[in-house]
Amino acid sequence: MEWTIWAGFAAGLLISTVTAPVGVSGAVFLLPVQLSVLGVPSPAVTPTNLLFNVVAGPGALWRYRRDGALHGGLARRLVAWTLPGVIAGAAVRVFALPGPDVFRLLVAAFLLPLGAWLFLRTLRPARRRADAAEPSARLLAALALTVGMIGGIYGIGGGSLLGPILAARGMQMARIAPATLAATFTTSLAGAAAYAVLALASPGPVAPDWWLGLACGTGGLLGGYLGARLQPYLPETALRLLLATLAAGLGALYAARAPL
């Protein structure tokens, strides 16, 4: 339907404008909109969300690269370990967690603690150091692999988890945001391809809703560029509190609607 295309475009634009400055693609907040408002069936909602990341990602990344923020080895290390995780997560999503009721419970289980954690870390932030070190190579690999798998299951790319975790260690958001968005873009590309292959061997709605994913992604492309451009001028505390409130509120909504 035509209204869903325009609604998807508007949702992608608004969400990405808010979330891009903190290194989150916005897919974590777009997912409930697709399920409840746009009517995307499960599990097709997950690859549609990954398609959104693929189309929307270059907007913010191009702006960060133009500003010189997309440099260093952090992005390469995150990409290297989130890639195998997101492919494994896609297989789990299709063959083990296809039902919408179970998926709603998992969405709530993910969003509620994420929102609470973001809120807590905003009110009681970790001590920030300009030279805060990255996690050790082993810890970073385990972390990226785990969130990559979660991203493959939920269709969020993993950046919405990696960003807050790295920020809690005291790393600066200006360093984290480009790296996590780069990892989200790359893993989403691999995840979308994995779902396209799995759709050939699995019955039901596994392939993405291409038109809706492209519409949401086009809005996200513009919103991501705007958000990245505005990052130096936006208060970080206000953005973190907004993200925490959205995540916890959406998680509570899905927990209330999930079957007992």
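These values consider heavy atoms only, across backbone and side chains, with no hydrogens, waters or symmetry-generated copies.
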- Report yes if some heavy atom in the side chain of Gln34 is under 4.5 Å from a heavy atom in the side chain of Thr48; otherwise report no. yes
- Task: Identify the heavy atoms of Met149 and Ala88 that sit nearest to each other, and give their distance.
- Result: CE-CB, 3.6 Å
- Using atom types as modelled and distance alone, determine if a side-chain donor or acceptor of Asn53 lies under 3.5 Å from a backbone N or O of Ser188. no
- Set of ring pair (Phe, Tyr, Trp, His ring centres under 6.0 Å) partners for Tyr225, sequence neighbours left out: Trp62
- Using a 4.5 Å cut-off on heavy atoms from C-beta on, say whether the side chain of Pro58 contacts that of Phe185. yes
- With a 4.5 Å heavy-atom cut-off, do Phe52 and Leu212 have their side chains touching? no
- Item | Co-membership, hydrophobic cluster, residues Leu139 and Leu145, 4.5 Å side-chain | no
- Query: If Ile, Leu, Val, Met, Phe, Trp and Tyr residues are connected whenever their side-chain heavy atoms lie under 4.5 Å apart, and connections chain through other members, are Ile176 and Leu230 in the same group?
  - Reply: yes
- Side-chain heavy atoms under 4.5 angstrom apart, residues restricted to Ile, Leu, Val, Met, Phe, Trp, Tyr: same cluster for Val92 and Val147? yes
- Task: Answer yes or no: is there a side-chain heavy-atom contact under 4.5 Å between Leu38 and Trp3?
- Result: yes
- Query: Are Leu30 and Val45 connected in a single hydrophobic cluster, I mean Ile/Leu/Val/Met/Phe/Trp/Tyr linked by side-chain heavy atoms less than 4.5 Å apart?
  - Reply: yes
- Query: Are Val55 and Leu226 linked, directly or through other ILVMFWY residues, by side chains that come within less than 4.5 angstrom of each other?
  - Reply: no
- Across all chains, not counting sequence neighbours, the side chain to side chain contact (heavy atoms under 4.5 Å, CB included) partners of Thr245 are none
- Item | Approximate separation, where rounding is to 0.5 Å, of Phe9 CZ and Leu221 CG | 9.5 Å
- Query: Nearest heavy-atom pair of Leu83 and Ala190: which atoms, and what distance?
  - Reply: CD2-CB, 3.4 Å
- Given side chains that start at C-beta, do those of Leu140 and Leu74 come closer than 4.5 Å, heavy atoms only? yes
- Residues in side chain to side chain contact (heavy atoms under 4.5 Å, CB included) contact with Ala144, at least two apart in sequence or another chain: Leu78, Trp81, Thr82
- Message: Keeping Ser16 on the side-chain end and Leu13 on the backbone end, is there a donor-acceptor pair under 3.5 Å?
- Response: no
- Query: Are Val18 and Leu14 side-chain neighbours, meaning at least one heavy-atom pair lies under 4.5 Å?
  - Reply: no
- Which heavy atom in Ile5 sits nearest to a heavy atom in Ala215, and how many Å separate them? O-CB, 3.5 Å
- Query: Of the options Val54, Leu50, Val86, which is the one that meets Thr187 in a side chain to side chain contact (heavy atoms under 4.5 Å, CB included)?
  - Reply: Val86
- Rounded to the nearest 0.5 Å, the CG atom of Leu162 sits from the OG1 atom of Thr146 at a distance of 9.5 Å
